S.K.: 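Structure provided below as structure tokens; questions to follow.
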Protein chains: 2
Amino acid sequence: AIRYLSKRRQERVRLIGDTLRQEGFDLVLLQEVWSEQDYSDLKVKLASCYPFSHYFRSGVIGSGLCVFSRFPILDTLLYQYSLNGYPYMLQHGDWFGGKSVGLGRCGVGVTAPLLSLSLQLHAEYCRDKDSYLPHRLVQAWELAQFIRHTSKAADVVLLGGDLNMHPEDVGIRLLRGWTGLQDAFVEATDIKGCKNGCTLVPNNCFTDKSELLPFPLGIRIDYILYKAISSFTVKCEELKTTMGPAPGTDIPFSDHEAVMATLHIQRQGQPVGATLGTADPALADVVTEARTEVGVGLRAAQRQRYSSGRMAVLALLLLLLQAVAALGTLAGLGADQPFPKLSFCLLAFLALGILVLATGLHLFHTVEVKMLHGTEDQMWMALRALQERP
Amino acid sequence: AIRYLSKRRQERVRLIGDTLRQEGFDLVLLQEVWSEQDYSDLKVKLASCYPFSHYFRSGVIGSGLCVFSRFPILDTLLYQYSLNGYPYMLQHGDWFGGKSVGLGRCGVGVTAPLLSLSLQLHAEYCRDKDSYLPHRLVQAWELAQFIRHTSKAADVVLLGGDLNMHPEDVGIRLLRGWTGLQDAFVEATDIKGCKNGCTLVPNNCFTDKSELLPFPLGIRIDYILYKAISSFTVKCEELKTTMGPAPGTDIPFSDHEAVMATLHIQRQGQPVGATLGTADPALADVVTEARTEVGVGLRAAQRQRYSSGRMAVLALLLLLLQAVAALGTLAGLGADQPFPKLSFCLLAFLALGILVLATGLHLFHTVEVKMLHGTEDQMWMALRALQERP
């Protein structure tokens, strides 16, 4: 819901508010509520049934994450991914969104702190030549690490959001394997709504049809993942998606279908040891696969850093050359020829512009290289730990 | 230790390595090791006595955080503060450093996971008119929140670093109050080294003497903070700082004196409940004071956002006006007068330059406003929780 850009935004926000009020969920995780005004309107509307809420602010325009809850939100924390696309890819806009994960610690009763995470990963714009894959993998890895480090005192971890990945993608396997999170769709005893739990479907009037040509049934791209930590068990009883237009109207709520899960959370007799990550022997393969992709991204970033640096140096040389020429003219050399002021001036501005841009790009790709390198290192550390585990 | 800029860098890094090897600490937290080559050299040199180490990569040039440990480093996580000065304050450079906190989970024996954090907050450049105070408070708050959320499964939390704050400053009080961390200097039974535990002292040849004029004894600016979480107690037996030149040389190790603490960590009979933050009634006052300062910063950021936005709009208007004039000339209007090509061109480039700069500034201050606003909100949530606590 981008103000001025999204179609029929206010109508859809009103519809979402109405439905949330009617359905009376325990916990609602929304994303891409870009306008804080929309959040405030929803907050006022939902005050009676969801007395607790939080809006996560991040990035230039924000990621639009918010949480509405029937239970008190005790504490929040926002973690922005270190990599999130490129600022110069204006048409993709992920960088400006400052994608992040928002953590809300809810108290359900007094004894069951619940960790709920609302998030969105970098979008995939072209599946065949997906240049953002390394960024998305860095995000998936940072998300997994963030969950591992923050979830230890929780009883139940809930994660909901648009992960921008197909269920079998390496990022999903990495996230699930490294954190031990379970997929509500896989575990559910009862599934309703779109076929295969798809949430990005071709017959939604807000989706880009051409993107979905290879997937006539749609893609399952929005997930609810969960995990019981201490003396609790979680079972997914029902998973449901919305289907097309909101009841009584001709438009859907959003360009993605909503996912709803009914979870049965039960306290067990005695605490089980906190399991961090599954002991799945295939996990090492997944981490290795992800690490290879990050390595590919690292080398691409290194090339871009080099070429932008070279461009900056060339622009600087051109400027220096011009300065020498200008000084020479001032000193009276070549005074018999007319000095081409206008083209000289244009060239200088062009060189200056290129210098500024190329320097900016060089700095940006330097950060990118650092982050990809750091993630590669961490994955290597993880692999070593996996191999040492009996 | 900035390559090419810092004085006698290689000599000092060699001295630091020698001393660390001789002293044989359990855990070493270094910062401002800007050059990864220096880290690699130290790693090779210290491999025998500190077999485990990690270098945290962040920002454009990085924050230079690294950890050397006698105990295995099981896992690491890096959290970059959301605000960290201004990119256009080149002479201060904090923005390019990407200040962050690095978390390393160490296993001491099998049963005592230890959480150690190495970090640095935004520098203070002018105490009387400290425009970075709101940024430093946001960082102190984010740090405190990060510790609260990640420390729950640890037995002991150790935090070491240059906090760039005097012991009585609101940021330190906020950090200590909100996390329950104890100051090793305050708790130590035996104190050696510089008077009052100062680490930024005037007789260090690398410090800026004029900065320390109001503080002839120096400032205590580097801290070791700790906290026992579960069934452990921590006692600081000795706190020591280095004093001036390294033994056998004429130069100190760094522009700050090093801090060393001997901590006695003991397992208690039965687990005590995890205490998050002290129940100190003064804590609400500290949070209120910090929130007021963040509010001041928020209003300043809003003003800057407004004025940079206005500047961008004016530049755009000027460009449009020029476009109209150029089109008018092309259409043959005013053809009797010569068109001032050069000055027209210069003016257009100037307007374009201002437009780009002002837009960039506007985006930057928009992020700043969001982050300050978010912190203000979180502090308000914390205050409400404090007041509701019996």
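Below, read A as the first sequence line, B as the second, and so on, with proteins coming before strands; counting in each chain starts at 1. Source: prediction; values computed, not measured. Because only heavy atoms are used, hydrogens play no part in the values below, and waters and symmetry mates are left out as well, while side chains stay in.
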S.K.: For a quick test of reading the model, state the closest non-hydrogen atom pair linking B:F146 to A:L77 and the distance between them.
M.R.: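 Scanning both residues completely, I find the closest heavy atoms to be N-CD1, 4.3 Å.
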
S.K.: Go through the atoms of A:Q145 and report whether side chain, backbone, both or neither lie under 4.5 Å from a heavy atom of chain B.
M.R.: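 Looking at A:Q145, backbone and side chain both touch chain B.
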
S.K.: Closest approach of B:M381 and A:I73, non-hydrogen atoms and distance?
M.R.: SD-O, 4.2 Å

S.K.: At what distance, to the nearest 0.5 angstrom, does NZ of B:K370 lie from CZ of A:F56?
M.R.: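 It comes to 13.5 Å.
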
S.K.: Who in residues 350-360 of chain B is close to chain A, using a strict under-4.5 Å heavy-atom cut-off?
M.R.: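 Counting heavy atoms that sit under 4.5 Å from chain A, no residue of residues 350-360 of chain B is involved.
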
S.K.: Tell me, for A:H373 versus chain B, whether the close heavy atoms (under 4.5 Å) come from the side chain, the backbone, both or neither.
M.R.: both

S.K.: How close do A:H149 and B:T76 get, counting heavy atoms only, and between which atoms?
M.R.: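 Smallest interatomic distance, heavy atoms only, reads NE2-O, 3.7 Å.
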
S.K.: So how far is it from A:E142 CD to B:Y79 OH, rounded to the nearest 0.5 Å?
M.R.: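 Answer rounded to 0.5 Å: 12.0 Å.
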
